[in-house]
Amino acid sequence: MRLSSLLFLVCFFTVAMSQCAAAAKARHFRWEVSNMFWSPDCEEKVVIGINGQFPGPTIRAKAGDTIVVHLKNGLHTEGVVIHWHGIRQFGTPWADGTASISQCAINPEETFTYRFVVDKPGTYFYHGHYGMQRAAGLYGSLIVDVADGDEEPFKYDGEINLLLSDWYHESIYTQMVGLSSNPFRWIGEPQSLLINGRGQFNCSLAAAHTPGAKQCAAAGNRHCAPVILPVLPNKTYRLRVASTTSLASLNLAVGNHKLTVVEADGNYVEPFAVDDIDIYSGDSYSVLLTTDQDTSANYWVSVGVRGRQPRTAPALAVLNYRPNRASRLPAAAPPATPAWDDFARSKAFTYRILGRAGVTPPPPATSDRRIELLNTQNRMGGGHVKWSINNVSMVLPATPYLGSLKMGLRSALPSAARPSDTFGRGYDVMRPPANPNTTVGDNVYVLAHNATVDVVLQNANALARNVSEVHPWHLHGHDFWVLGYGDGAFRGDAGDAAALNLRNPPLRNTAVIFPYGWTAIRFVADNPGVWAFHCHIEPHLHMGMGVIFAEAVDRVSELPKAAVSCGATATALMAGAGGHV
């Protein structure tokens, strides 16, 4: 090769690398988590906020950027972590933000630095993952735009961000004591639903259309002021919608407007139009809305409860067609939330979510391993109520799994028993458990590196007769293909195989199991680390509804001491030096 050609190549690659480096940025944030008085639904309570804000600050970045969050724990008496929901954490499993799994809880007055890459665009959020801190308000939005030079496969003129949540007046500490008590005390239904951290308790913005309701005051507390969403006529808006609820499954509708679903959990889907969307805890969507209605009117955005008999009033916001006054409430009644137990409607919506043609990669044709997880409600110790997986209720250790498995500290695990890959085919999912007793364990499944893994989530009857609940399951560290759904017991026969979609299944990180049904997913274990897989309903996780996937932990390098310096690993590290394990 001539010298001139060699110099050209050197210059070309140098310029290309510098352009890539210039395109991706490191975005730094300094946060302090603290308790503070707030009135999310006009009733003053204590919330967990960040930098004096509730919800926490929105992070906005571009695909390929590095996020650096210096997180100080300003809580006086408890630890804290933050999970970056939907971010896969390739190469940074210690930054996943799961207490006792990927890291130690951050002690009061200590600071921990999260550093990770947001590798693909999408609608995400973050939340506490220690105890039930998410239910106390520790959450916020995380939006990742396409990298410079890339384009979305759809067009729009503007964006609206909707972070949905539920809100309890009872503190999370009282809730957790009740869930662990004998006799058992259930947390009940939330007092209100929130849109972007705001709601109204014991009154309605649309009292004229709600028999017996009191009209909310037009002015007052800024914490719970009505959410106004300004739009211009004849434009298309991208509504980014995410649910960080503790318990409630939700339905969202906008009066007189169609919604076109284009993204689910940070992955593009084949577009389809609906009147409303169901959104379970842990879900996120992008929907397109075109402002093509009567320009002289404003319109309700309504969020109501699905999947449980509702005892919580819908949350309302106003889609404000400019130049109409924002204070001009819509004259029409808000959209009615579909019947809470119309699961046929819920399934019809969910089954329409498919991978986008030409964008979503197909799943591997076959799997190397199938794990079947039976979700049951059980009793332990004579009266304590637990949720169990294959009759084992998950408990978390004092030593984070990532540290103990990396260092070979098997004695730090709650149980040495290997969890079962299946459950008895004779189990009757339509009836309460014949033997309601359960035990506890770590539920750690060790997965071979790069193995293709199928997981079948099987729902069943709870302890009470004729009760089977909705469970949205979230996987950390991965997206997965949702291969299919079924009713009744999964048998693994030709009939079940025929129900699986290997042609265009959607990629998700959260999937719902419907009552008395099953859901099948497939993923590739290509991300070394230790990852939680659990029901995203906060009290259900607290009661043991989850498992752990450990993948090629020996391939994890540069594990910061700050992430795992607690429990048995702290003792093991006493003789070490440096900042990494």
Side-chain angles (χ1 to χ4, degrees), residues 132 135 166 175-176 178-190 245-249 278 280-282 305-312 339-344 346-347 372-395 420 422-441 443 455-474 485-490 510-519 533-547:
M132 290 178 60
D166 49 13
Q175 292 180 46
M176 288 189 290
L179 293 172
S180 303
S181 292
N182 184 3
F184 176 71
R185 296 187 185 183
W186 176 237
I187 65 172
E189 304 303 310
T245 54
S246 174
L247 175 68
S249 302
D278 284 342
Y280 302 96
S281 180
V305 172
R306 294 276 273 140
R308 303 181 65 87
Q309 188 164 1
R311 294 180 175 85
T312 311
W340 71 272
D341 56 354
D342 187 352
F343 293 110
S346 297
K347 292 174 184 178
E372 300 170 1
L373 302 177
L374 174 66
N375 296 231
T376 56
Q377 192 180 52
N378 301 87
R379 296 190 185 279
M380 189 174 67
H384 295 279
V385 177
K386 299 291 183 181
W387 284 100
S388 301
I389 305 303
N390 294 350
N391 209 41
V392 178
S393 185
M394 184 178 71
V395 292
S420 174
T422 188
F423 58 92
R425 284 283 183 255
Y427 189 94
D428 188 349
V429 301
M430 306 303 292
R431 298 177 181 274
N435 178 6
N437 297 317
T438 190
T439 186
V440 297
N443 280 357
V455 179
V456 178
L457 295 161
Q458 175 69 64
N459 212 341
N461 200 101
L463 286 169
R465 290 187 176 276
N466 302 317
V467 175
S468 183
E469 301 187 23
V470 167
H471 299 293
W473 274 71
H474 172 60
Y485 306 85
D487 297 322
F490 178 82
T510 304
V512 63
I513 329 174
F514 292 108
Y516 299 108
W518 55 264
T519 299
F533 183 42
H534 61 89
C535 178
H536 208 260
I537 292 175
E538 194 84 310
H540 290 182
L541 174 58
H542 186 74
M543 295 163 66
M545 199 172 194
V547 300

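A donor and an acceptor atom, one from each side chain of S246 and D166, are nowhere located under 3.5 Å apart. Checking S346 against R306 by side-chain atom types alone, a donor-acceptor pair falls below 3.5 Å. A donor-acceptor contact under 3.5 angstrom links the side chains of N378 and S388, judged on distance only. Between the side chains of E372 and T422, at least one donor N or O lies within less than 3.5 Å of an accepting N or O. Counted by atom type alone, H474 and H534 present zero donor-acceptor pairs between their side chains at under 3.5 Å.
The side chain to side chain contact (heavy atoms under 4.5 Å, CB included) check on N390 picks up L373, L374, S420, F423, Y445, with sequence neighbours excluded. For F490, the ring-ring contact (aromatic ring centres under 6.0 Å, His included) partners at least two apart in sequence or on another chain are W518. For Q458, there are no side chain to side chain donor-acceptor pair (under 3.5 Å) partners at least two apart in sequence or on another chain.
Between atom OG1 of residue T438 and atom CH2 of residue W387 there is a gap of 12.0 Å, rounded to the nearest 0.5 Å. To the nearest 0.5 angstrom, M543 atom CE is 13.0 Å from E538 atom CD. To the nearest 0.5 Å, atom CE of residue M380 and atom OG1 of residue T439 are 7.0 Å apart. The CG atom of N461 sits 9.5 Å away from the CZ atom of R431 when rounded to the nearest 0.5 Å.
Between K347 and D487 there is a salt bridge, with a side-chain nitrogen of the basic residue lying less than 4.0 Å from a carboxylate oxygen of the acidic one.
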| Hey, mind stepping through V470 and V512 against side chain to side chain contact (heavy atoms under 4.5 Å, CB included) and telling me if it holds? | CA-CA 7 Å; V470 167; V512 63; 3.5 Å; yes

